[in-house]
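A quick note: this is a predicted structure, and the numbers were derived from the prediction, not measured. Letters go in sequence order (proteins before strands), and every chain restarts at 1.
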Amino acid sequence: MSKDKSAKIPTPQPVRGTQDMLGDFADRFAHVVETFERVRRLYGFKRIEVPVIEPTAVFARSLGETTDVVSKEMYSFEDRGGESITLRPEFTAGIARAYVTNGWQQFAPLKVATHGPLFRYERPQKGRYRQFHQLDAEVIGSDSPLADAELLVFADQLLKELGIAEGVTLTLNTLGDADSREAWRAALVAHFEAHRGDLSEDSLARLDKNPLRILDSKDPRDRPIADSAPDIDSYLTGEAQDFFGAVTAALDAAGVAWQRNARLVRGLDYYRHTAFEFVTDRLGAQGTVLGGGRYDGLIEALGGPPTAAVGWAAGIERLAMLVPDAKESPLPEIVILPQDEAMERLSSRIANILRTADNEISTEIALAGAYRKRYDKVKNAGYARAISLEPHEGAVCIARIRDLNVEGVKDVRDRVEAALGKFFLLEEMDQGFSRPWILQEKV
RNA sequence: GCGAUCGUAGCUCAGUUGGUUAGAGCACCGGUUUGUGGUACCGGGGGUCGUGGGUUCAAGUCCCAUCGGUCGCCCCA
């Protein structure tokens with residue numbers, strides 16, 4: 001290490017809105033993913049992998065050119081061939097594209113699940129990052145309300161198994177079919193136009209771009225107008241009512257608790273029927289931990305055949321923040337304490353013996369610092385057992401098992417003895433409780 | 001894009017109305033001590049106080065700008 005400060009190399013900073021995880025949070029993150037992978041198998045969802053990068057058109061066309069996401073929140077760039085590429089801001093569009101380009105119609109209805117990183121160019125805040133991670137589940141090619149219900153039961157079980165169902169509520173709404181939605185939208189616009197003078201500036205802009213969004217405005221000036229706006233219920237066609245009734249009946253039959261939220265909407269036009277969010281008040285401004293709905297119009301918008309589909313996505317970081325107790329990744333069962341340089345060289349050989357598939361004793365080697373201080377270090381690090389390697393005249397070494405922390409002690413002595421016994425002659429010394437072995441090479 | 005708030009050692013932080021050579025704990029390195037044990041002690045390295053200007057005899061401290069973090073607004077597939 002040079003002390004010459006003029007030669008100091010500036011450290012590149014991480015990209016804004018990205019995060020590095022170590023220890024506790026990384027364990028929580030992994031726990032969420034592992035639980036998801038286990039539960040999705042119980043529901044027969046196939047694992048699917050789709051690219052992180054797609055042609056920009058995949059998202060531009062599916063999300064709508066005018067949405068904020070497309071106009072300013074996508075990570076897009078030109079590749080060397082001049083094609084516009086975008087880092088996926090969501091899973092659904094890429095999965096829909098894969099469904100069409102691979103001819104997966106033959107598998108319909110197709111139940112798929114995936115997880116991984118997504119990218120949105122947004123201002124980071126609690127529970128919102130530019131690179132974030134989601135779980136995702138989709139049912140493509142089914143117009144049955146039972147598909148919606150199964151996805152919701154799946155989501156409900158996932159949250160329960162993660163131990164975060166307390167304080168998280170399933171809120172549910174229907175946007176009806178295309179006819180219902182159009183009629184409701186017209187009624188809403190008429191209602192808001194009538195109160196145009198009392199709306200906030202933000203909502204005046206929404207009136208042109210996305211009037212449904214006024215319903216969940218946070219501005220107190222908008223609340224009375226939004227609250228007095230017509231519900232969709234009186235605009236639902238008979239078919240749309242039946243569909244929603246079938247979804248809720250299936251949820252009730254499965255014992256999934258839900259709340260109607262007639263104000264819950266989706267921004268994009270291709271959403272139909274079911275819309276839902278699992279929400280909590282424990283994450284600041286980011287209340288949604290899992291959200292989704294039915295998007296019967298999407299695949300057609302990508303040039304595919306008319307295809308019914310429904311799905312959800314959940315933020316892994318948000319779920320990880322709610323997981324009650326972090327499951328720490330366990331320390332290796334035993335840690336090797338070499339007592340000098342020669343023993344240090346021997347320790348990787350001993351470690352390899354213990355770690356082999358036959359023996360499966362997870363092993364760490366204490367390599368840093370003065371030999372005499374390593375004992376205290378590994379003890380403070382929480383290891384339960386150590387095996388010290390001491391030089392001994394005329395032998396390979398003396399190996400001594402030492403209990404470090406009373407908590408979590410597991411008797412690995414017999415397993416270590418069996419493992420080492422395959423390679424060395426072990427002579428047990430009569431030295432108190434530790435009963436060290438003198439190791440000799442087998443001839 | 002807008003607003004609020006915070007930037008002092010690797011980490012968590014202290015630093016009095018501006019006033020000597022900027023501190024602590026943890027971590028790291030070394031030494032002594034101990035030797036079935038979460039030992040104790042001694043010493044050491046490490047900071048242009050985010051960066052750049054300004055005010056002042058004097059700035060970690062006050063002012064402006066800028067960058068970054070955090071939280072919120074917008075948006076949220």
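- Counting any heavy atom pair closer than 4.0 Å across all strands shown, A:Arg128 reaches a base atom.
- Between B:C29 and A:Lys377, a contact under 4.0 Å exists linking OP1 or OP2 to a side-chain N or O.
- Straight-line distance between the P atoms of B:C74 and B:A59: roughly 44 Å, to the nearest whole Å.
- Counting to the nearest Å, the C1' atom of B:C73 and the CZ atom of A:Arg221 are 12 Å from each other.
- Between A:Tyr129 and A:Ser217, the residue anchored nearer the 5' end of RNA chain B, judged by the nucleotide with its closest heavy atom, is A:Tyr129.
- Side-chain N or O atoms of A:Arg128 include none that pairs as donor or acceptor with a backbone N or O of A:Ala285 at under 3.5 Å.
- Regarding contacts with the backbone of B:U70, every side-chain N or O of A:Lys126 stays at 4.0 angstrom or more from both OP1 and OP2.
- Residue A:Lys379 places its side chain closer to B:G38 than to any other of B:C73, B:G38, B:C75.
- Here the C1' atom of nucleotide B:C74 and the CG atom of A:Asp222 are 13 Å apart, to the nearest Å.
- In this structure, the side chain of A:Arg272 does not engage the main chain of A:Gly176 through any donor-acceptor pair within 3.5 Å.
- Within the cation-pi definition used here (under 6.0 Å to the ring centroid, within 45° of the axis), A:Arg120 does not qualify as a partner of A:Tyr75.
- Here the P atom of nucleotide B:C76 and the CZ atom of A:Phe59 are 18 Å apart, to the nearest Å.
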Atom pairs and distances, donor-acceptor, side-chain atoms in residues 141-151 of chain A, under 3.5 Å, two or more places apart:
{"unit_1": "A:Ser142", "atom_1": "OG", "unit_2": "A:Ser144", "atom_2": "N", "d": "3.2"}
{"unit_1": "A:Ser144", "atom_1": "OG", "unit_2": "A:Leu146", "atom_2": "N", "d": "2.9"}
{"unit_1": "A:Asp148", "atom_1": "OD1", "unit_2": "A:Arg294", "atom_2": "NE", "d": "3.1"}
{"unit_1": "A:Asp148", "atom_1": "OD1", "unit_2": "A:Arg294", "atom_2": "NH2", "d": "2.6"}
{"unit_1": "A:Asp148", "atom_1": "OD2", "unit_2": "A:Thr274", "atom_2": "OG1", "d": "2.6"}
{"unit_1": "A:Asp148", "atom_1": "OD2", "unit_2": "A:Arg294", "atom_2": "NE", "d": "3.0"}
{"unit_1": "A:Glu150", "atom_1": "OE1", "unit_2": "A:Lys111", "atom_2": "NZ", "d": "3.1"}
{"unit_1": "A:Glu150", "atom_1": "OE2", "unit_2": "A:Lys111", "atom_2": "NZ", "d": "3.3"}

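- The phosphate of B:C76 (OP1 or OP2) has a side-chain N or O of A:Arg213 nearer than 4.0 angstrom.
- Between A:Gln125 and B:U70 there is no side-chain N or O to OP1 or OP2 distance below 4.0 Å.
- Judged purely by distance below 3.5 Å, without hydrogens or angles, the side chains of A:Glu90 and A:Gln134 never pair a donor atom with an acceptor atom.
- When each of A:Asp219 and A:Ile401 is assigned the nucleotide of RNA chain B with its nearest heavy atom, A:Ile401 is the one assigned upstream, toward the 5' end.
- Between the P atom of B:C76 and the CG atom of A:Leu212 lies a distance of 11 Å, rounded to the nearest Å.
- Atom P of B:C26 sits at a distance of 14 Å from the matching atom of B:G43, rounded to the whole Å.
- Ion pairing of A:Arg374 with A:Glu344 is present here, as a side-chain N (NZ or NE/NH1/NH2) and a carboxylate O approach within less than 4.0 Å.
- Taking atom P in both B:A24 and B:C67, one finds a spacing of 35 Å when rounded to whole Å.
- With C1' as the reference atom, B:C75 and B:U56 are 47 Å apart, rounded to whole Å.
- Atom-to-atom, CD of A:Gln339 to P of B:G35 comes out at 15 Å; the value is rounded to the nearest Å.
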Structure string for RNA chain B in dot-bracket form, Watson-Crick and G-U at under 3.5 Å, | interchain: (((((((..((((.....[...)))).(((((.......))))).....(((((..]....))))))))))))....
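- Using atom P as the reference point in both B:U5 and B:G47, the two lie 32 Å apart (nearest Å).
- The side chain of A:Pro89 has B:A77 as its nearest neighbour among B:A77, B:G72, B:G35.
- Listed pair A:Arg206 / B:C75 meets the phosphate criterion, a side-chain N or O lying under 4.0 Å from OP1 or OP2.
- Side-chain to base pairing of A:Arg123 with B:C71: no donor and acceptor N or O lie closer than 3.5 Å to each other.
- Taking atom CZ on A:Arg16 and atom C1' on B:C67, their separation rounds to 9 Å, with Å as the unit.
- Ion pair A:Glu49/A:Arg47 flagged as a salt bridge, since at least one NZ, NE, NH1 or NH2 atom sits closer than 4.0 Å to an Asp/Glu carboxylate oxygen.
- Within 4.0 Å (heavy atoms only), A:Tyr375 reaches at least one base atom of the nucleic acid.
- Between A:Arg374 and B:C29 there is no side-chain N or O to OP1 or OP2 distance below 4.0 Å.
- The residues A:Glu333 and A:Arg415 are annotated as salt-bridged, a charged nitrogen and a carboxylate oxygen being separated by less than 4.0 angstrom.
- Counting non-hydrogen atoms under 4.0 angstrom, A:Gln13 reaches nothing in the nucleic acid.
- For the pair A:Tyr295 OH and B:C76 P, the interatomic distance rounds to 19 Å; values are reported in whole Å.
- In this structure, A:Arg400 pairs ionically with A:Glu390, as a charged nitrogen and a carboxylate oxygen lie closer than 4.0 Å.
- The C1' atoms of B:C49 and B:G68 are separated by 16 Å, rounded to the nearest whole Å.
- Residue contacts for A:Arg88: at a heavy-atom cut-off of 4.0 Å it reaches no nucleic acid atom on any strand shown.
- Remark: P of B:G35 and CZ of A:Arg402 are 12 Å apart, rounded to the nearest angstrom.
- Comparing B:G38 with B:C6, their C1' atoms sit 38 Å apart, to the nearest whole Å.
- Among the nucleotides B:A77, B:C73, B:G37, the one closest to the side chain of A:Lys218 is B:C73.
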